Amino acid sequence: MKLHELYKTKKVDISIELFPPKTEEGVSEMFREVERLNQYNPAFFSMTYGAAGTTRDLTLDLSDRLKNKIKVETMCHLTVVGQSRDEIHHTLEFLKKKGIYNLIALRGDPPQGAAGFEPHPNGFRYARDLVREVKRMNYFSIAVAGFPEKHPDSQNRESDIKYLKEKVEAGADVIITQLFFDNRYFYEYLDQVRKARIKVPVIPGILPILSAQQVRRFTALCKSKIPLEVEAALGKFENDPEGARKYGIELAMKQCQDLLKNGVKGLHFYSLNKAHSVEAVLQNLGF
Ligand code: FAD
């Protein structure tokens with residue numbers, strides 16, 4: 001189903017994010033986890049686009065396999081970093097040929113070590129420009145990224161929301177958020193989004209913590225905050241991965257329960273290619 005057709009009923013639509021593994025063994029393992037998670041009837045799986053486009057071919061290949069071999073609904077991630085318009089157009093044509101009509105259009109982050117984001121001389125500067133290009137093809141349904149704690153490069157949330165509105169006006173059908181651990185950020189953000197008369201669904205991104213080290217690494221990259229009480233709890237599980245995982249499930253479950261109570265239309269899980277925690281959260285929530 002296309003993104004713009006989802007999130008319309010009372011049913012909560014689940015989506016699950018995957019990333020391209022580095023090895024063939026990792027790929028096989030990921031497909032096994034997909035099979036497990038598919039029992040919960042997610043609306044779609046999404047496949048990330050490695051930083052600076054580094055996994056382009058693999059992202060496209062795995063998206064194709066998910067959609068056409070495993071036959072699960074698939075959303076492909078696409079960024080503009082380091083790519084010309086022609087290259088991006090080529091990618092879009094590939095996705096169209098493979099029947100992958102759901103796409104999340106992103107700017108992407110600068111390569112590690114770079115001072116800031118520099119657009120390709122023949123490329124796009126902002127996600128908004130990619131949304132316009134994708135929309136012109138009149139084939140894709142488009143998601144864009146939202147940042148409850150504001151995007152790290154933004155001066156303030158107001159400017160962030162102004163540019164978010166530009167992405168929606170350019171043709172985005174849904175906003176999927178960066179992970180956060182304090183739902184208050186999401187509610188404040190949603191309030192500002194609605195005040196700006198942005199009407200598309202805003203779907204919260206949830207990361208069930210897998211280990212203390214992993215969540216610190218992940219949040220250092222995406223700049224989401226780990227609340228003090230979460231950091232304090234994680235301190236107890238420094239050398240206890242099983243304890244950390246259980247705590248992560250509990251925390252994600254509480255977050256989701258509260259979000260569902262407050263009427264969210266969907267939940268987007270950052271699975272890190274591991275089924276266990278997402279599965280436990282979904283089971284506990286009664287999916
Ligand atoms: P934009 O919307 O272009 O915004 C980037 C910055 O520019 C923001 O600070 C914004 O406020 C500012 N801005 C936007 N428009 C304007 C304007 N007209 N004038 C001035 N400033 C402007 N990264 C990957 O590399 N691969 C992935 O697969 C991936 N998947 C993601 C999935 C989700 C759900 C999310 C939330 C993020 C994902 N990211 C991914 C990370 C994302 O690419 C980065 O956070 C990136 O820095 C911002 O991307 P964006 O699409 O929000 O960019």
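Since we're looking at a predicted model, the values are computed, not measured. Both counts, for ligands and for their atoms, begin at 1 and track the order of listing. What you see below is based on every heavy atom in this structure, not just the backbone, and it leaves out hydrogens, waters and symmetry mates.
- With a 4.0 Å cut-off on non-hydrogen atoms, L106 touches ligand 1 through its backbone as well as its side chain.
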**Request:** Take D64 and K98 through the salt bridge (charged side-chain N to carboxylate O under 4.0 Å, His left out) test and state the conclusion after the steps.
**Result:** CA-CA 6 Å; D64 177 24; K98 298 295 181 183; 3.6 Å; yes
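- Given atom 25 (O) of ligand 1, the protein heavy atom at minimum distance is Y49 O, 3.5 Å.
- Contact annotation for F147 and ligand 1: only side-chain heavy atoms (C-beta onward) come within less than 4.0 Å of the ligand.
- Although no hydrogens or angles enter the test, the distance criterion places a donor-acceptor pair under 3.5 Å between the side chain of S141 and the main chain of H4.
- Residue contacts with ligand 1, taken as heavy atom pairs separated by less than 4.0 Å, involve R107 via backbone and side-chain atoms alike.
- With hydrogens left out, the protein atom closest to atom 41 (C) of ligand 1 is D109 OD2, 4.2 Å, a heavy atom.
- Salt-bridge annotation for R107 and D153: present, with a side-chain N of the basic residue lying under 4.0 Å from a carboxylate O of the acidic one.
- Between E29 and K274 there is a salt bridge, since at least one side-chain N of the basic residue sits less than 4.0 Å from a carboxylate O of the acidic one.
- Within the 4.0 Å heavy-atom criterion, neither part of H268 lies near ligand 1.
- Between D258 and K254 there is no salt bridge, since none of the side-chain N atoms of the basic residue sits less than 4.0 Å from a carboxylate O of the acidic one.
- Residue R125 has no nitrogen or oxygen atom sitting less than 3.5 Å from a nitrogen or oxygen atom of ligand 1, judged on distance alone.
- Of the listed residues (S15, G108, P20, A105), the one carrying the non-hydrogen atom nearest atom 43 (O) of ligand 1 is G108.
- Looking at Y126 against ligand 1, both its backbone and its side chain come within 4.0 Å, counting heavy atoms.
- Ligand 1 does not have F124 within reach: every non-hydrogen atom of the residue lies 4.0 Å or more from it.
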